[in-house]
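Comments concern the structure below.
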Number of protein chains: 2
Amino acid sequence: MSCEQETALALHAAGRRSTTPRIKVASALQHAGGHLTAEEIHALIQETDHQAAIALSTVYRTLETLKEIRLVAEADGGPRATYEWVDREHPHSHLMCRACGREAMLPPQFVAEFASRIEATAGFEVHLDHFVVPGLCADCRATEGRA
Amino acid sequence: MSCEQETALALHAAGRRSTTPRIKVASALQHAGGHLTAEEIHALIQETDHQAAIALSTVYRTLETLKEIRLVAEADGGPRATYEWVDREHPHSHLMCRACGREAMLPPQFVAEFASRIEATAGFEVHLDHFVVPGLCADCRATEGRA
DNA sequence: GCCCGTCTTGCGAATATTCACAAGAGTACA
DNA sequence: TGTACTCTTGTGAATATTCGCAAGACGGGC
C-alpha cells in the first residue's frame with residue numbers, strides 16, 4: 001500500500017487532489033511495469049475492480065495529470081501513445097531504431113550531462129524523465145549501407 | 001522552383017516516388033515556415049491551388065513519408081501535432097516551457113555533442129533533427145519557487 | 001513513346017483522443 | 001463533525017488521426 005501513499009503524497013505536493021481514479025491508474029502502471037496504452041490501463045483497472053469502473057476519458061485525463069507532475073512518462077511512436085511509470089531511483093531513456101523498432105537503453109549519464117549543460121547555460125530545468133531518441137541501430141546501419 | 005527539385009531528388013534518393021501531393025506538401029511547409037498542423041497545410045494547398053485539391057488523409061500520409069526521409073520534423077505538444085520543414089543548413093532544437101508554453105532555442109552544438117557521444121559508444125545513428133526538450137524556463141522556476 | 005508492375009492516392013469508415021457541462025467528491029476551515 | 005468551495009469525474013458528442021481497398025499515377029525497360 002505504500003505505493004499508493006506515495007502517489008497521494010506526490011499529488012498533494014503538486015496541489016492536486018488525491019482521488020480514487022488517480023490512485024488506480026498510478027497503481028496499475030506501477031504494478032504492470034513497462035509501456036501500456038490508455039486502453040490497456042483501463043482494461044487492467046476493470047479486471048482488478050469489477051465494481052468501480054472508471055471512464056476511459058478519465059484515464060486519459062489522469063495520465064495527463066500524472067505526466068504533469070512527472071510520475072508518468074509518455075512514449076509515442078505509433079498510432080497509440082503508451083505510458084510508463086517513472087522510476088525516480090532508476091531514470092532511464094531509450095534509443096529506438098526507426099528501421100527495426102528495437103529499443104536499447106541509453107546511458108543515463110549522457111542525458112544527465114546534456115541536461116545539466118542546458119541548465120547551466122540557459123537556466124532551463126530539463127524534464128527528460130523517460131526520453132526516446134529515434135535513429136538507426138548499428139545493425140540497420142550496416143544493412144542500409146549494403147543495400 | 002529549385003526547392004521542388006530538391007524535394008524530388010530527396011524522394012528519389014530514398015527510393016520513394018516524386019508525386020504532386022508530396023511536392024505540394026513539402027512546398028507549403030518550406031514557404032510557410034514555422035509549425036503547421038496537417039489541417040493548415042491542407043488549407044494552404046487548397047488556397048494556392050483551387051483546381052487540384054488533395055485529400056486530408058493524403059496530407060497525413062505524406063507528412064509521415066517526409067518525416068521518414070527526414071525532410072520534415074513533427075513537434076507534438078498539444079491536441080494537434082504540428083510539422084516543420086527541416087533546414088539542413090541550420091538544424092535547431094527547442095526548449096519548451098511546460099508552464100508558460102514559451103519556446104527558446106537550444107544551442108545546436110549541445111545536441112550535436114550529445115548525439116556524437118551516443119554514436120561513438122552505441123554505434124547508434126541519432127536522428128534529433130528538430131527536437132523539443134520539455135521543462136521549466138528560468139522565469140517560471142522563479143515564480144514556482146516563490147509560490 | 002508505350003506497357004507493366006508497384007507505389008500512391010482518394011474515399012469512406014474505423015479508431016483514438018479531446019472536449020463541454022452537469023453531478024459528485026475532496027479539502028480547508030470553523 | 002459540518003459546510004462551502006473548488007477540483008474531478010462521467011457521459012456523450014466532437015475532433016483528430018489512421019486504416020482498407022479499389023482506381024490512378026510514376027518510372028524502368030523495351
Side-chain angles (χ1 to χ4, degrees), chain A residues 4-5 7-28 35-46 49-69 71-72 74-83 147, chain B residues 4-5 7-28 35-46 49-69 71-72 74-83 147:
Chain A
E4 289 160 23
Q5 286 180 357
T7 304
L9 284 174
L11 282 164
H12 284 142
R16 307 309 195 85
R17 291 182 182 169
S18 159
T19 65
T20 315
R22 288 176 178 171
I23 300 297
K24 281 189 183 169
V25 168
S27 185
H35 297 172
L36 296 177
T37 65
E39 195 87 40
E40 286 166 344
I41 295 166
H42 185 234
L44 215 54
I45 292 171
Q46 307 247 263
D49 246 297
H50 300 266
Q51 328 288 221
I54 74 179
L56 185 54
S57 63
T58 301
V59 174
Y60 279 106
R61 266 182 307 214
T62 300
L63 287 167
E64 207 53 39
T65 305
L66 295 174
K67 220 170 68 183
E68 272 167 30
I69 63 178
L71 291 178
V72 159
E74 182 177 357
D76 253 317
R80 301 163 165 223
T82 62
Y83 300 85
Chain B
E4 290 160 23
Q5 285 180 358
T7 304
L9 285 174
L11 282 163
H12 285 142
R16 306 309 194 85
R17 292 186 181 166
S18 159
T19 66
T20 315
R22 288 177 177 170
I23 300 297
K24 281 188 184 170
V25 168
S27 184
H35 298 171
L36 297 177
T37 65
E39 194 87 41
E40 286 166 345
I41 295 166
H42 186 235
L44 215 53
I45 292 171
Q46 307 247 263
D49 246 296
H50 300 268
Q51 327 289 222
I54 74 181
L56 185 54
S57 63
T58 300
V59 173
Y60 278 105
R61 268 183 305 217
T62 300
L63 287 167
E64 209 52 41
T65 305
L66 296 174
K67 220 169 71 183
E68 273 167 30
I69 62 178
L71 291 177
V72 159
E74 182 176 355
D76 251 318
R80 303 163 164 222
T82 62
Y83 300 86

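Protein chains get the first letters and strands the later ones, always in sequence-line order, with residue 1 at the start of each. Worth knowing before you read on, the calculation uses all heavy atoms, side chains too, and leaves out hydrogens, waters and symmetry mates.
- R16(A) has no side-chain polar atom (N or O) that falls below the 4.0 Å cut-off from OP1 or OP2 of dC7(D).
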Restricting both atoms to N or O, compile the protein contacts to nucleotides 20-26 of chain C shorter than 3.5 Å, with distance only.
residue: dG26(C); atom: N2; partner: R17(A); partner atom: NH2; Å: 3.1

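- Legend: residues meeting side chain to side chain donor-acceptor pair (under 3.5 Å) with R61(B), ordered by chain and number and at least two apart, are absent.
- Side chain of R22(B), nearest nucleotide from dT9(C), dG10(C), dT18(D): dT9(C).
- The separation between L66(A) atom CG and dC7(D) atom C1' is 15 Å, rounded to whole Å.
- Partners of E68(B) by salt bridge (charged side-chain N to carboxylate O under 4.0 Å, His left out), not counting sequence neighbours, listed by chain and number: R16(B).
- Atoms CD and CG, from E74(A) and L63(A) in turn, are 8.5 Å apart once rounded to the nearest 0.5 Å.
- Within the 4.5 Å cutoff, no side-chain heavy atoms of T7(B) are placed close to those of S18(B).
- Applying a 4.0 Å cut-off to non-hydrogen atoms, none of the residues of residues 36-45 of chain A approaches DNA chain D.
- Of the side-chain N and O atoms in Y60(B), one or more sit less than 4.0 angstrom from OP1 or OP2 of dT17(D).
- Contact detail for I41(B) and A28(B): the closest heavy-atom pair is CG2-CB, 4.3 Å.
- Rounded to whole Å, atom C1' of dT8(D) lies 14 Å from atom CD of E68(A).
- Toward the 5′ end of DNA chain D lies the nearest nucleotide of T58(A), the other residue of the pair L56(B) and T58(A) mapping further downstream.
- The CG-C1' distance, from L63(A) to dT9(D), rounds to 15 Å in whole Å.
- Put simply, NZ on K24(B) is 14 Å from C1' on dG10(C), counting in whole angstrom units.
- Taking both residues in full, the closest heavy atoms of T58(A) and P21(A) are given as CG2-CB, 3.9 Å, listed atom of the first, atom of the second, then distance.
- To the nearest 0.5 Å, atom CG of residue L44(B) and atom CG of residue L36(B) are 6.5 Å apart.
- By the salt bridge (charged side-chain N to carboxylate O under 4.0 Å, His left out) test, E64(A) pairs with K67(A), sequence neighbours left out.
- In this structure, K24(A) has no side chain to side chain donor-acceptor pair (under 3.5 Å) partners at least two apart in sequence or on a different chain.
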